[in-house]
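Quick caveat, the model's predicted, so the values are computed rather than measured.
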Amino acid sequence: MSTTYSEKVGEKLNTLLEKSYDAEKGYHKAAENADNIGLKRFFIRKSQERKQFGNALKSEIRAYGQEVETGGSATGAAHRAWMDVKSFFAADNDESMLEAAITGEKAAVDDYEDVLNEINLPPSTATLITNQVSQIRSDLDTVTRLEDLS
């Protein structure tokens, strides 16, 4: 059975969606564990942002008539790599959580760029993905500056 264009787009967006779920949970956990109030606020904002990213991705997936994966089906090595990053968030000090955030954000940028480069996306999808990856890149600069605070 051949995969249709819409199915391929749906598949790629679902992969990003699962990673958004993971990042949202990781940032939420990090916010609970952070001592530095600025860092705590940053993690809370990132958790909320990833939730919004997920909602936008879900809408886009549905717009192409595709099923939204509800999280839980591991999509191979890339997904496991995110789970590894999440385990760093369990570390109970600000510096290691910040390092994990940087690692996670760099991985997210790579994931987004892979989707943008791999398939010719519909304009609405390309805009959504481009906007999300721009926000992640901008936050990478912020998180690198926060590293100086810890």
Rounded to the nearest 0.5 Å, the CD atom of Gln135 sits from the CD atom of Gln52 at a distance of 9.5 Å
ask   = Would you say Val68 and Tyr64 are hydrophobically clustered, going by side-chain heavy atoms of ILVMFWY under 4.5 Å?
value = no
Between Ser47 and Glu24, is any side-chain donor less than 3.5 angstrom from a side-chain acceptor? no
Pair Arg45 + Asp139, salt bridge at N-O below 4.0 Å
yes
* Indicate if Leu98 and Leu140 have the same hydrophobic cluster label, given that clusters are the connected sets of ILVMFWY residues with side-chain heavy-atom separations under 4.5 angstrom. => yes
task = Examine the side chains of Ser138 and Asp141 and answer whether a donor and an acceptor come within less than 3.5 Å of each other.
result = no
Partner of Leu39 under side chain to side chain contact (heavy atoms under 4.5 Å, CB included), picked from Asp35, Asn36, Ile37, is Asn36
Using only atom types and a distance under 3.5 Å, with no angle test, would you say the side chain of Thr125 pairs donor to acceptor with the backbone of Leu121?
no
- Taking atom CG of Asn120 as the centre, report whether more than 12 heavy atoms of other residues, nucleotides or ligands fall under 6.0 Å from it. no
Contact between Arg50 and Ile136 at the side-chain level, heavy atoms closer than 4.5 Å - yes or no? yes
Value for CE (Met97) from CD1 (Ile102), rounded to nearest 0.5 Å, stands at 12.5 Å
Would you say the side chain of Ile129 lies within less than 4.5 Å of the side chain of Leu13, judging by non-hydrogen atoms? yes
Between the side chains of Gln66 and Ser6, does any donor sit under 3.5 Å from an acceptor? no
Taking side chain as C-beta onward, heavy atoms only, is Phe53 less than 4.5 Å from Tyr112? yes
- Side chain Asn14, main chain Glu67, donor-acceptor under 3.5 Å: yes
| message | Any carboxylate oxygen within less than 4.0 angstrom of a Lys/Arg side-chain nitrogen, looking at Glu11 and Lys8? | response | no
| Is the closest side-chain heavy-atom distance between Asp111 and Thr15 below 4.5 Å? | no
Test side chain to side chain contact (heavy atoms under 4.5 Å, CB included), reference Leu57, set Gln132, Lys19, Lys12, output is Gln132
Lys/Arg-Asp/Glu bridge criterion (N-O < 4.0 Å) met for Arg137, Glu105: no
For Leu116 and Ala126 the tightest heavy-atom approach is CD2-O, 4.1 Å
Point to revise | Residues Asn131, Ser134; criterion side chain to side chain donor-acceptor pair (under 3.5 Å); working and verdict | key: CA-CA 5 Å; Asn131 290 344; Ser134 296; 5.4 Å; no
Value for CG (Leu17) from OG (Ser20), rounded to nearest 0.5 Å, stands at 6.0 Å
Can you find a pair of side-chain heavy atoms, one from Ile44 and one from Tyr27, that are under 4.5 Å apart?
no
Lys40 and Ala31 have their tightest heavy-atom pair at NZ-O, 2.9 Å
